[in-house]
Amino acid sequence: MTVTFYFDWVCPWCWIGWRHLQAARAQAPGTRLAWRGFALLPDVPAAGLPYQEFYVRRLGSTAAVAARRAQVAAAGAAAGLVFAFERIDTMPNTQLAHAMFAHAQLVGSDRQCEALCEAIFQAWFVEGRDIGQRACLLDLARGVGLDFSGASGHAALPVTGIYSVPTLAVEGRGQLQGLQSPQQVLDLLGIR
């Protein structure tokens, strides 16, 4: 059985959802994983936007931003994650990251792809690196044993029928949108 994980690296719920999916897969041997990138903010300029200003405009106030970050931090802590929002300067455009990850899926192993997915989340949410920039992505790819320095990248395939991330889909069993617990993922897989 294959579970498809639709995600974007700028979505904290996707990193938490990725960890929940990993926990569920540990209890469901033989479950295959397919990644599908979904750029939540495709209109962000290639150079990015000022991160703090972006979120204040998006959520309406600094108090709303603080409340959302507290909510994310609590859910993240339960999944063993610590977010360092104060280190982030730039809201990136993730289309290049998704294109490079699509290329990684063609040339890398599943283990390398999983490690790269985690490395990109970590680079942005913990280290505050600009994951919209090619140099950063090439460095992260090298860190998991992939050399993309000569690659032009592959276009990420368009996604239809998905409107939010994280979303998990299993053919013939449906899909779950939003953050799901490991047990909810197992339920989708038909494992009790």
Side-chain angles (χ1 to χ4, degrees), residues 1-41 51 55 65 67-88 91-92 94 97-98 100-102 104-105 108-132 136-137 140-141 143-146 156 159 162-170 173-192:
M1 187 175 313
T2 300
V3 59
T4 303
F5 177 54
Y6 296 87
F7 69 99
D8 194 2
W9 285 288
V10 296
C11 171
W13 304 111
C14 287
W15 195 18
I16 299 166
W18 166 241
R19 287 294 178 89
H20 289 181
L21 176 56
Q22 288 176 305
R25 286 181 65 218
Q27 298 178 54
T31 301
R32 293 178 302 278
L33 176 62
W35 294 271
R36 289 298 304 274
F38 181 90
L40 278 174
L41 306 165
Y51 175 73
Y55 266 108
V65 171
R68 175 67 54 86
R69 287 181 179 166
Q71 183 184 28
V72 168
L81 299 172
V82 176
F83 291 86
F85 296 112
E86 71 282 358
R87 292 185 179 168
I88 301 172
M91 170 56 73
T94 58
H98 286 302
M100 291 187 79
F101 193 74
Q105 291 177 73
S109 68
D110 288 347
R111 180 172 289 182
Q112 286 173 312
C113 289
E114 289 185 28
L116 182 58
C117 183
E118 182 70 25
I120 296 172
F121 277 127
Q122 175 87 14
W124 197 58
F125 283 120
V126 177
E127 300 165 20
R129 295 176 69 183
D130 186 350
I131 61 169
C136 174
L137 295 167
L140 295 172
V144 300
L146 295 168
V159 174
I162 300 296
Y163 305 99
S164 67
V165 290
T167 294
L168 299 173
V170 175
R173 299 194 65 86
Q175 63 179 234
L176 297 171
Q177 294 185 345
L179 184 62
Q180 306 297 323
S181 70
Q183 185 56 54
Q184 289 168 310
V185 176
L186 290 170
D187 291 345
L188 177 64
L189 293 170
I191 299 170
R192 308 231 182 261

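Atoms considered below: every heavy atom in the structure, side chains included; atoms not considered: hydrogens, waters and symmetry mates.
For the pair Trp18 and Pro166, the minimum side-chain heavy-atom distance is 4.5 Å or more. Taking the side chain as every heavy atom from C-beta outward, Arg87 and Tyr51 never approach each other to under 4.5 Å. Using a 4.5 Å heavy-atom threshold, the side chains of Met91 and Leu41 count as touching. Under the 4.5 Å side-chain criterion, counting only non-hydrogen atoms from C-beta, Gln122 is not in contact with Trp9.
Within 6.0 Å of the CZ atom in Arg68, the count of heavy atoms belonging to other residues, nucleotides or ligands does not exceed 12.
The heavy-atom pair separating Gln177 from Thr167 by the smallest distance is CG-OG1, 3.4 Å. For the pair Leu186 and Ala24, the tightest heavy-atom approach, listed with the atom from each and the gap, is CD2-O, 3.4 Å. In this structure, Gln184 and Leu179 approach most closely via the heavy-atom pair OE1-O, 4.4 Å. Between Cys113 and Trp35, the shortest heavy-atom distance links the atoms CB-CH2, 3.5 Å. Listed here is the closest heavy atom pair of Arg19 and Gly80: NH1-O, 4.0 Å. Minimum heavy-atom separation, Glu118 to Trp15: OE2-NE1, 3.2 Å.
The CZ atom of Arg129 sits 9.0 Å away from atom CG of Leu137, with the distance rounded to the nearest 0.5 Å. Here the CG-CG distance, from Leu188 to Leu168, works out to 6.5 Å after rounding to the nearest 0.5 Å. Interatomic distance, CD of Gln22 versus SG of Cys117, reported as 8.0 Å (0.5 Å rounding). Summarising the geometry, atom CD1 belonging to Ile131 is positioned 12.0 Å from atom CE belonging to Met100; distances are rounded to the nearest 0.5 Å. For the atom pair CZ (Arg32) and OG1 (Thr4), the distance works out to 10.5 Å, reported to the nearest 0.5 Å. To the nearest 0.5 Å, the span separating CG on Leu189 from OG1 on Thr2 amounts to 10.0 Å.
Not counting sequence neighbours, the partners of Asp8 by the side chain to side chain contact (heavy atoms under 4.5 Å, CB included) test are Val10, Leu40, Thr94, His98, Val165. For Phe85, the ring-ring contact (aromatic ring centres under 6.0 Å, His included) partners at least two apart in sequence or on another chain are Phe83. Val144 pairs by the side chain to side chain contact (heavy atoms under 4.5 Å, CB included) definition with Ala115, Leu116, Leu146, not counting sequence neighbours.
The aromatic rings of Phe5 and Phe7 sit parallel to each other, their planes meeting at less than 30°, with 60° as the upper class boundary.
The closest donor-acceptor contact from the side chain of Gln112 to the backbone of Ala104 lies at 3.5 Å or more, if one exists at all. The backbone N or O of Tyr6 lies less than 3.5 Å from no partner atom in the side chain of Arg36, so there is not a single donor-acceptor pair.
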Pair Leu33-Asp110, side-chain contact (heavy atoms from CB on, under 4.5 Å): steps then yes or no: CA-CA 9 Å; Leu33 176 62; Asp110 288 347; over 6 Å; no

Residues Leu81, Val126; criterion side-chain contact (heavy atoms from CB on, under 4.5 Å); working and verdict: CA-CA 9 Å; Leu81 299 172; Val126 177; over 6 Å; no

